[in-house]
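A quick write-up on the structure given underneath.
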Amino acid sequence: MVGEGSRWLSIPAAASWVSLSAKTIRRRIAAGDLRAYRCGKTIRVKTDDLEAMVRPVPSARDW
């Protein structure tokens with residue numbers, strides 16, 4: 001089920017949303033790090049899945 005705040009983005013729009021290249025988004029999909037959905041001939045990515053892909057970077061204090 002899609003969350004209320006979730007949106008469906010094309011690969012170029014998803015790349016822009018997370019400040020990455022479309023090629024990187026396609027690589028993440030191919031590697032299985034990012035779930036994508038085919039809708040007809042287009043591929044869409046949910047914003048919730050993009051947010052789940054992003055992880056915080058540990059600081060020196062966390063070591």
Those residues that, when tested against Ala52, pass side chain to side chain contact (heavy atoms under 4.5 Å, CB included) (two or more places apart)
none
Could you list the donor-acceptor pairs under 3.5 angstrom formed by side chains in residues 20-27, with sequence neighbours left out?
residue	atom	partner	partner atom	Å
Ser21	OG	Thr24	N	3.1
Ser21	OG	Thr24	OG1	2.9

Between atom CZ of Arg7 and atom CG of Leu50, what is the distance when rounded to the nearest 0.5 Å?
10.5 Å
Closest non-hydrogen atoms of Ala14 and Val45, given as atom of the first, atom of the second and distance, are CB-CB, 4.3 Å
Is any side-chain heavy atom of Trp17 closer than 4.5 Å to a side-chain heavy atom of Thr47?
yes
Residues 31-44 side chain polar contacts: donor-acceptor under 3.5 Å, at least two apart:
residue	atom	partner	partner atom	Å
Thr42	OG1	Cys39	O	2.9

